[in-house]
Amino acid sequence: LVTAQGFSLSGNGGKVAYWAFQSPGLSTVNYDGTDLHSNILTSVDSALSDDGQSVFYSPGGIWKANPDGTAAVLVKPYVPPLSYTIAAVSGNSGRLAVLDNGVIPGGHNPDGGEEVIAMDNTGSNVHQLTDLNVPASVIYSVVAAPDASRVFFLSADDLTGANAEHYGEI
């Protein structure tokens, strides 16, 4: 066991990517503790493909690499003011859900809060999925349906008018 700030699990449950407090980088390991690759990437956010063969992460853009950190490819560079944070990968790894508090071309975000944005795993076909209109909104986690037809997210904001306590809405 490690003390982790964040983690992601592959869809098949076989691989975990995590950022541990004790080590300054992203690590991957099989569910049974084998095939550990420590500090392979400088990132605190990641999402694994369903088969665990690809890890998506985001320092300076959105990247895709093998779970051992090799073969890293830049999928989508940051274009200020955007600074995507990886949130989820669809089951077939064809679509990504990311978080950002900027405005994508054709998008709308006058309050500057976090919004959920979807794109192909090549960085193309970018669409803003949410328009929360909540200043400084905070989205804690995002999960994409395996076929990318739906995205679910957890927010501590009062998005529906039924969360005055700000516990978290899905």
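These values consider heavy atoms only, across backbone and side chains, with no hydrogens, waters or symmetry-generated copies.
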query: Is a side-chain N or O of D32 found less than 3.5 angstrom from the main chain of T34, in a donor-acceptor match?
result: yes

- prompt: Rounded to the nearest 0.5 Å, how far apart are CD1 of I62 and CG of L74?
  reply: 9.0 Å

message: Measuring only between side-chain heavy atoms, which start at C-beta, is V55 closer than 4.5 Å to K15?
response: no

- prompt: Do the side-chain N and O atoms of D120 and T122 include a donor-acceptor pair separated by under 3.5 angstrom?
  reply: no

Closest contact, heavy atoms only, S10 versus N12: OG-OD1, 2.7 Å

query: Do you know which two heavy atoms are closest between A71 and N66, and how far apart they sit?
result: CB-ND2, 3.5 Å

message: Could you report the tightest heavy-atom contact between S8 and S46, atom names first, then the distance?
response: OG-OG, 3.2 Å

- request: Measure the spacing between CG of D35 and CG of D68 and express it to the nearest 0.5 Å.
  value: 8.0 Å

- request: Starting at CH2 of W63, measure out to CG of L26 and round the result to the nearest 0.5 Å.
  value: 14.0 Å

query: Shortest non-hydrogen contact from P67 to S54?
result: CD-N, 4.4 Å

message: Tell me the closest heavy-atom pair linking R95 and S124, and the distance in Å.
response: NH1-O, 4.3 Å

Minimum heavy-atom distance A65-Y57, with the two atoms named: CB-CE2, 3.8 Å

query: Side-chain contact, heavy-atom cut-off 4.5 Å: K76 with L96?
result: no

query: With the 4.5 Å side-chain cut-off for hydrophobic clustering, are L36 and L9 part of the same group?
result: yes

